[in-house]
2 protein chains.
Amino acid sequence: MVTIKDVAKHAGVALSTASYALSGSDKVSPKTRELVLQAAKELNYQKNGFAMDLKRKSTKTILLILSDLSGPYYSELIRGTQEVTLSNGFDLIACSSVGGADSTAYKFLQERRVDGAIVLDPNISEHLLRESAREGCPIVVMDRYVEGDFIMNVAADNVQGGYEATRYLMEQGHRDIAWIGGPSNSLGSQHRKEGYLKALQEEGIANTKWMLVGNFTEEGGYHSTKVLLMQEERPTAIFYGNDEMAIGGYKALREFGLSVPEDVSIVGFDDIQVAEYLSPPLTTVRQPKYEMGTMAAHLVFQAMGGEYVNKSYKLKIELIERLSCQPPRLAPNRGKGMET
Amino acid sequence: MVTIKDVAKHAGVALSTASYALSGSDKVSPKTRELVLQAAKELNYQKNGFAMDLKRKSTKTILLILSDLSGPYYSELIRGTQEVTLSNGFDLIACSSVGGADSTAYKFLQERRVDGAIVLDPNISEHLLRESAREGCPIVVMDRYVEGDFIMNVAADNVQGGYEATRYLMEQGHRDIAWIGGPSNSLGSQHRKEGYLKALQEEGIANTKWMLVGNFTEEGGYHSTKVLLMQEERPTAIFYGNDEMAIGGYKALREFGLSVPEDVSIVGFDDIQVAEYLSPPLTTVRQPKYEMGTMAAHLVFQAMGGEYVNKSYKLKIELIERLSCQPPRLAPNRGKGMET
DNA sequence: GAAATTTATCGAAACGTTTCGATTTGTTTT
DNA sequence: AAAACAAATCGAAACGTTTCGATAAATTTC
């Protein structure tokens, strides 16, 4: 392995001079710089980043931790963080928590390999977050709430989202609105449900019949919907904790011979890419993902720069009207139990 | 910042002993180990990963470079690489090339910050790849072909894919089959086109009228399709270089009052998530993305271990039949120019 | 043309680890 | 109880950089 020492020797200068030359300092004369660069090229010298970081005590990279590197959900968010990160002259790397909750994240957070982090991943323990956040490595946590020094929170206003979606259905005349939520470790899902309940309450509706949990996956939505439809009475609308579950819902409804939105109106949450292409196109609640991403990144840099920032930010959410809802039939659509 | 030195002092042992204790060596007695661990906890000691890597000369992480961290395309692929990487006890991080072709990728490859890399990104220059690949950092390049020491290639058999898709259309009776390809820097797209041409040639069809390029985006597909439809004669089928362009194609066709598959049959490429939900569901060519991911990762580890591996691998591809194709009408469907 | 000043180069220390070989301590063998 | 051995601890050197302060060389000033 060729080091800067070799380069220096080959160029016939001192190690320190070689270092100056390679990092483009103006302390070195043009002609020796040339000499060194030439030597570096000839030896195919590659700088060792660690040694550099070790001296410099900063890495100029920030880490994005996602629960699943691959989900369709994250696209916009990543784009947002990326743009801000780059424009600050930093690099962005991403990792996920698959395979042992804290593993990779642990390595990068705890071993001080990054200068900041953005975490959208319920699997990362609060303990790790609190231990790792410090001056020189602020952390922004998304879609959950973690208190601690150098820890900030960014989330969509899920309560509002849940509330608006439910109100929207109620304004169309629905009163029997089911909720199929996400896993219980998702604060986002809990908040959406809160909004949902709040809207119902305002109208004096006390629904306890139609509240189920799924797991944010298509299968989960499918099964929960089936369970729902097997009951004696059926809702005229279903509000899903996310779009993927709504997709599963579509499937289940079709199997029961019910059509959307004639028999049942549907609202999802997230506005993933597919939502627009379903038939009927899915009415859903769009989170400002891009904005959340840029916001998170900005916060990291502000905190890094020692600026005072609030601990917690909530971003507004928007209802996307498509074709999966319509007013309910006048006579409530009562099921008669299992039909298949 | 508290270092191992502080821990050692606090525990009343030598620095080296502290190091042994912290890394769980059995050279140290249980009771001093306890002592050291205790001290570390009290001081909230966090190990410095760089210093460690610098000594150890390995990072135990491999890098995945994607052109766009966010595309829906990558999900399965990432999952594949991730599984293999983790099961080898390594960590996987991802970065993209957005914002200055080589920046982040450059930093990690060139500065020896990883022990291996998997690259699916046409923006990364061959030069960088060849310079960075070395013993101790093998690189697998996907969907293109790069020659060099410690560089291996994995790709789907795009020629085969293009060929089969085209044959499929021909077997249904189509003879006027258009091609709307991806950007010219995509080797994959080129190969698909090759397969397409080969299939046509076998039947003695010499199409030059209906070959356009898009840019792998929905808009690109939309515009190219419009251009296609404005021509005097119209194809009875269109083969798109990827699914996203096919989606744009659906839109354009609808605007022209043409329906899929009655008026025009459509085949896409990639089988992204949406494909299944379009109406009609899109017939497309599925790349074995998961397999490509695991393959790539395995290759990295084999090369790392000094095993001999082939330089290049091609994986078979599969046609997914859905409802966007049917035999053409008997009288070829001749357009009369622009109709709207 | 010598003194003062600037510019270019150098040597050495530091960054925080790991790890080798040497030393000390504790245990067993005779 | 001394000799032989094993186990535990220690000191110091490395890893490849950056950077400070010191020296040497080149330039300016009087």
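The structure displayed is predicted, hence computed values, not measured ones. Note on naming: letters A, B, ... go to the chains in the order of the sequence lines (proteins, then strands), and numbering restarts at 1 for each one.
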- Message: Going by side-chain contact (heavy atoms from CB on, under 4.5 Å), name the residues that satisfy it together with B/Asp270, two or more places apart in sequence or in a different chain.
- Response: B/Tyr73, B/Arg192, B/Asn242, B/Asp243, B/Ile272, B/Gln287
- Note on the structure: Those residues at least two apart in sequence (or on a different chain) that pass side-chain contact (heavy atoms from CB on, under 4.5 Å) with A/Pro288 are A/Ala156, A/Glu291, A/Met292, A/Leu315, A/Ile317
- Tell me, please, which residues at least two apart from A/Ser58 pass side-chain hydrogen bond (donor to acceptor under 3.5 Å, both in side chains). none
- Terminal axes of the helix from C/dG1-D/dC30 to C/dT30-D/dA1 (5 end pairs apiece), angle rounded to 10 degrees, sit apart by 40°
- Any luck finding a side-chain donor-acceptor pair between A/Asp91 and B/Thr104 under 3.5 Å? yes
- Sequence-aligned protein contact record of nucleotides 13-18 of chain D, with B where the base is within under 4.0 Å of a protein heavy atom and S where only the sugar-phosphate is: -BBBBB
Indicate every side-chain donor-acceptor pair of residues 1-8 of chain B with a distance under 3.5 Å to a residue at least two apart or in another chain.
from	atom 1	to	atom 2	distance (Å)
B/Thr3	OG1	B/Lys5	N	3.1
B/Asp6	OD2	B/Thr3	N	2.8

- Item | Set of residues satisfying side-chain hydrogen bond (donor to acceptor under 3.5 Å, both in side chains) with respect to B/Asp115, sequence neighbours excluded | B/Thr59
- Note on the structure: Sorted by chain and residue number, the side-chain contact (heavy atoms from CB on, under 4.5 Å) partners of B/Asn215 (sequence neighbours excluded) come out as B/Thr217
- Message: If the condition is salt bridge (Lys or Arg N to Asp or Glu O under 4.0 Å), which residues does B/Arg130 pass it with, not counting sequence neighbours?
- Response: B/Glu126
- Message: For A/Asp143, give me all partners under salt bridge (Lys or Arg N to Asp or Glu O under 4.0 Å), at least two apart in sequence or on another chain.
- Response: none
- Item | Partners passing side-chain contact (heavy atoms from CB on, under 4.5 Å) against B/Ser132 (at least two apart in sequence or in another chain) | B/Leu109, B/Gln110, B/Leu128, B/Ile139
- Scan residues 27-40 of chain A against DNA chain D and write down, sorted by residue number, each residue with any heavy atom closer than 4.0 Å; if none is found, say none. none
